[in-house]
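Okay, so here's the structure we're looking at.
Side chains are part of it too, since the values below use all heavy atoms of this structure and drop only hydrogens, waters and symmetry mates. Because the structure is predicted, anything quoted here is derived from the model rather than measured. Just so you know, residue 1 is the first one in the sequence shown, and it goes up from there.
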Amino acid sequence: SSGTTGLPKAVMLTHRNLIANVAQTGPGLAIDADDVLIAILPFFHIYGQTVVMNAALRVGATIVTLPRFDLEAFLGTIERYRVTRAFVAPPVVLALAKHPLVERFDLTSLDEVFSGAAPLGADLAEEASARLGCPVVQGYGLTEASPVLTLVDHEGINRPGSIGPLVPNTEARIVDPDAGTDAAYGEPGQLLVRGPQVMIGYLDDPDATAATLDGVTDDGQHLGGFIVPGPELMMRSLWGGTSDLASHTATSGAAAGAP
């Protein structure tokens with residue numbers, strides 16, 4: 001991940017982190033054994049690993065993989081294998097909304113298109129949804145959170161542009177980083193999150209770890225305004241930060257949505 005400083009860092013995720021996030025996203029993603037997923041996201045990337053590979057294999061869904069993204073091959077694979085769920089990034093949503101090639105293929109099998117890895121604007125989401133005849137939704141996360149923190153529930157209400165509610169067993173708070181109090185509604189601030197999906201730190205980088213994690217405790221002490229009931233980590237990320245990813249406008253972490 002390069003989210004918090006702009007420089008690449010190795011994120012340490014435990015087996016528990018990864019399993020927890022698969023369990024946390026299960027109810028919202030609502031993938032079942034009858035679903036067919038198309039995989040264009042690399043499985044070495046946390047989005048592809050957790051949200052596509054692990055989530056689908058957990059329930060026995062079918063995954064159709066492509067060696068690389070090619071729009072015509074992508075569309076043809078959806079038509080041929082009757083793909084029901086497509087997990088993509090915003091540039092692919094842009095192509096689905098506007099590229100003339102889309103009209104040549106039968107994409108009516110799609111139940112939902114889920115966008116991540118960068119924010120998806122409401123207008124583009126609505127345009128793609130109208131063309132495809134299925135919801136186009138998104139979530140928010142970062143590698144340091146295994147990665148999912150929020151998502152739009154598959155069976156819930158989709159407000160285009162929204163990243164949805166927090167996944168189960170996740171707590172979040174936006175604070176004024178100077179005062180340590182809750183930020184006013186609509187104002188930028190520091191995002192604090194806690195949950196079993198939060199990383200244990202950066203490999204061989206104690207300074208970056210200390211700057212990102214508020215700490216870990218077994219005795220319920222206060223950390224950044226939260227009472228931590230068990231050995232959970234609290235992670236800091238800057239809402240509207242100034243890192244290399246600040247242009248994503250969501251956080252200085254690897255943003256997968258917009259507020």
Side-chain angles (χ1 to χ4, degrees), residues 1-25 39-58 87 89 116-119 139-151 163 166-173 175 177 190-219 221-226 228-248 250-257:
S1 174
S2 61
T4 54
T5 64
L7 299 175
K9 298 178 296 299
V11 176
M12 294 189 292
L13 298 174
T14 66
H15 191 200
R16 180 174 184 266
N17 287 150
L18 297 170
I19 293 299
N21 207 223
V22 171
Q24 288 172 302
T25 57
I40 57 171
L41 303 166
F43 293 146
F44 60 77
H45 186 279
I46 194 64
Y47 180 15
Q49 182 179 130
T50 297
V51 181
V52 179
M53 183 177 73
N54 290 345
L57 293 179
R58 179 193 185 207
F87 292 88
Y140 165 72
L142 57 165
T143 306
E144 289 86 343
S146 302
V148 183
L149 293 171
T150 77
L151 58 80
I163 56 171
L166 294 165
V167 295
N169 296 315
T170 301
E171 295 173 277
R173 182 183 175 199
V175 302
Q190 192 175 55
L191 175 65
L192 304 182
V193 298
R194 184 176 72 223
Q197 72 270 50
V198 174
M199 70 171 184
I200 61 171
Y202 296 112
L203 179 66
D204 298 331
D205 198 338
D207 292 339
T209 297
T212 305
L213 297 177
D214 264 357
V216 59
T217 180
D218 289 308
D219 60 4
Q221 67 175 315
H222 283 76
L223 291 179
F226 285 108
V228 180
E232 304 268 330
L233 292 169
M234 186 178 296
M235 182 173 56
R236 294 195 298 263
S237 185
L238 188 64
W239 198 275
T242 56
S243 76
D244 286 354
L245 292 181
S247 61
H248 284 181
T251 74
S252 63

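For the atom pair CG (N169) and CZ (R194), the distance works out to 10.5 Å, reported to the nearest 0.5 Å. Between atom CG of residue L13 and atom OG1 of residue T143 there is a gap of 7.5 Å, rounded to the nearest 0.5 Å.
Remark: the backbone N or O of L41 is not paired with any side-chain donor or acceptor of Y47 at under 3.5 angstrom. For Q24 (side chain) and P168 (main-chain N/O), a donor-acceptor pair under 3.5 Å exists by modelled atom type. A donor-acceptor pair under 3.5 Å links the side-chain atoms of T150 to the main chain of I163, judged by distance alone. The closest donor-acceptor contact from the side chain of Q197 to the backbone of V148 lies under 3.5 Å.
For the pairing with V198, the side chain to side chain contact (heavy atoms under 4.5 Å, CB included) check across L142, L213, N17 returns one residue only, L213.
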Quiz item: Yes or no on side-chain contact (heavy atoms from CB on, under 4.5 Å) for Q49 and L18, after CA distance, side-chain angles and deciding distance?
Solution: CA-CA 9 Å; Q49 182 179 130; L18 297 170; 3.7 Å; yes

Practice problem: May I have the step-by-step check of side-chain contact (heavy atoms from CB on, under 4.5 Å) for L203 and D205, ending in yes or no? | Solution: CA-CA 5 Å; L203 179 66; D205 198 338; over 6 Å; no

Self-check item: side-chain contact (heavy atoms from CB on, under 4.5 Å) evaluation trace for V51 with T25
Solution: CA-CA 8 Å; V51 181; T25 57; 5.5 Å; no

Quiz item: Would E144 and T212 count as a side-chain hydrogen bond (donor to acceptor under 3.5 Å, both in side chains) if you check the C-alpha gap in whole Å, the side-chain angles of each, and the deciding distance to 0.1 Å?
Solution: CA-CA 10 Å; E144 289 86 343; T212 305; over 6 Å; no

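Across every non-hydrogen atom of Y202 and V11, the tightest pair is CE2-CG2, 3.8 Å.
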